[in-house]
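A short worksheet on the structure shown next.
If you're wondering where the values come from, they're calculated on a predicted model, not measured in any experiment. Along the sequence shown, residues carry numbers from 1.
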Amino acid sequence: MRLDHLSFAAGPDGLASTAQRIGGLLGRDFVDGGVHPRFGTRNMILPLAGTTYLEVVEVLDHPASDKAPFGQAVRARSALGGGWLGWVVAVDDITVVERRLGRAAVVGSRHRPDATELRWKQIGVNGLIADPQLPFFIEWEVPAELHPSAGADDAFSLACLEIAGDPHRVSEWLGETVEAPLEDVKVEWAAPNGTPGIVAAQFQTPSGLIRL
């Protein structure tokens, strides 16, 4: 179990402008990630060191976005002006999570602009919707060289994740201590009785530490 990526919902200016704004702050351009046909969303990607990445995602005017929990989550966050959607944990065997949560994972896919198809299984988005401090889970079905973090510049990395919430609640959700997937990332917990979710993320860049 490890931190896979962070997801940021596009604001009213749209996917490209949001990614350009964040990329400008970090000093690194995002790349087109492609469309998620099953979820009615599309994204842009910024690979980071440590086999992680930052995703900016927007909902499409597509029936799938109204049916799929992930599309619903993106639409709701963007409707509030955009911002941090959540964090995602990668697992080697998602059937363990399926048994613990008592439901089946869904298949996800997207085609990159070069037509390469990426496939994965994910579960737990409804948990994120109900309690935004909780991550959802993903099992990739692609080789390591096709993971969205491939090609990262090691000068860009996630340094700290600020989460409003309760680490004990998150540990219960993960089925193990919250430190397990976040061992290489500093986590600051705040406002356990406030609105839960990611408050901010700090990134190490060649220009220093940038907080978003």
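Side-chain contact between L6 and L158 is present, with at least one heavy-atom pair separated by less than 4.5 Å. Two residues are said to be in side-chain contact when any heavy atoms from C-beta on lie closer than 4.5 Å; V89 and L182 fail this criterion. Contact check for W189 versus V178: side-chain heavy atoms found under the 4.5 Å cut-off. Between P47 and P148, every side-chain heavy-atom pair lies at or beyond the 4.5 Å cut-off. Counting only heavy atoms from C-beta outward, the side chains of L48 and H5 never approach each other to under 4.5 Å.
V91 and V107 fall into different hydrophobic clusters, where Ile, Leu, Val, Met, Phe, Trp and Tyr residues are linked whenever their side-chain heavy atoms come under 4.5 Å apart, directly or through other members. With hydrophobic clusters built from ILVMFWY side chains whose heavy atoms lie under 4.5 angstrom apart, L174 does not share a cluster with V96.
I45 belongs to a hydrophobic cluster with V31, F39, Y53, V57, V59, F70, V74, L85, V88, V106, L118, W120, V125, L128, I129, F136, I138, W140, V142, L146, counting contacts under 4.5 Å between side-chain heavy atoms of Ile, Leu, Val, Met, Phe, Trp and Tyr, direct or through other members. Under a 4.5 Å side-chain heavy-atom criterion applied to ILVMFWY residues, the cluster that includes L60 comprises V35 as well.
Of all heavy-atom pairs spanning T51 and S149, the tightest one is CA-OG, 3.4 Å. Residues G23 and F30 share a closest heavy-atom pair of N-CE1, 3.7 Å. Nearest heavy-atom pair, E55 versus S7, reported as atom, atom and distance to 0.1 Å: OE1-OG, 2.7 Å. Taking both residues in full, the closest heavy atoms of S78 and A9 are given as OG-CB, 3.7 Å, listed atom of the first, atom of the second, then distance.
Residues T41 and H36 have side chains that bring a donor and an acceptor to within less than 3.5 angstrom of each other.
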Step-by-step side chain to side chain contact (heavy atoms under 4.5 Å, CB included) determination, I123 to E139: CA-CA 9 Å; I123 189 172; E139 179 189 341; over 6 Å; no
Stepwise side chain to side chain contact (heavy atoms under 4.5 Å, CB included) check, I163 with W87: CA-CA 10 Å; I163 304 176; W87 54 297; 4.0 Å; yes
Residue pair V56, I22: steps toward the side chain to side chain contact (heavy atoms under 4.5 Å, CB included) verdict: CA-CA 9 Å; V56 177; I22 295 175; 4.0 Å; yes
Side-chain donor-acceptor pairs of residues 197-212 under 3.5 Å, sequence neighbours excluded:
residue, atom, partner, partner atom, Å
Q202, NE2, E162, OE2, 2.8
T205, OG1, S207, N, 3.1
T205, OG1, G208, N, 3.4
T205, OG1, G208, O, 2.8
R211, NE, E162, OE1, 3.4
R211, NE, E162, OE2, 2.9
R211, NH2, E162, OE1, 2.8

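Atom CG of D66 is surrounded by more than 12 heavy atoms from other residues, nucleotides or ligands within 6.0 Å. Within 6.0 Å of CG in D92 there are 12 or fewer heavy atoms belonging to other residues, nucleotides or ligands. Counting heavy-atom neighbours within 6.0 Å of Q72 CD, excluding the residue itself, gives a total above 12.
The closest donor-acceptor contact from the side chain of R77 to the backbone of A10 lies at 3.5 Å or more, if one exists at all. Judged by distance alone, with hydrogens and angles left aside, the side-chain atoms of E98 form a donor-acceptor pair with the main-chain N or O of A105 at under 3.5 Å.
Rounded to the nearest 0.5 angstrom, K121 NZ and T95 OG1 are separated by 8.5 Å.
With sequence neighbours excluded, the residues that form a side chain to side chain donor-acceptor pair (under 3.5 Å) with D13 are T18. By the salt bridge (charged side-chain N to carboxylate O under 4.0 Å, His left out) test, D114 is found to be paired with R112, residues two or more places apart in sequence or in another chain being considered. Under the rule for a salt bridge (charged side-chain N to carboxylate O under 4.0 Å, His left out), the partners of K186 that lie at least two apart in sequence or sit in another chain are E188. Listed by chain and number, the residues in a salt bridge (charged side-chain N to carboxylate O under 4.0 Å, His left out) with R119 are E117 (sequence neighbours excluded). For R169, the side chain to side chain contact (heavy atoms under 4.5 Å, CB included) test picks out D131, Q133, L134, D166, E172, W173, with sequence neighbours left out. Applying the side chain to side chain donor-acceptor pair (under 3.5 Å) criterion to R42, with sequence neighbours excluded, gives E58. Contacts of E179 classified as side chain to side chain contact (heavy atoms under 4.5 Å, CB included), with partners at least two apart in sequence or in another chain: T177. Under the side chain to side chain contact (heavy atoms under 4.5 Å, CB included) criterion, A49 pairs with D154, S157, sequence neighbours left out.
Within the structure, salt bridge (Lys or Arg N to Asp or Glu O under 4.0 Å) pairs that include any residue of residues 14-28 comprise R28-D153 (at least two apart or interchain).
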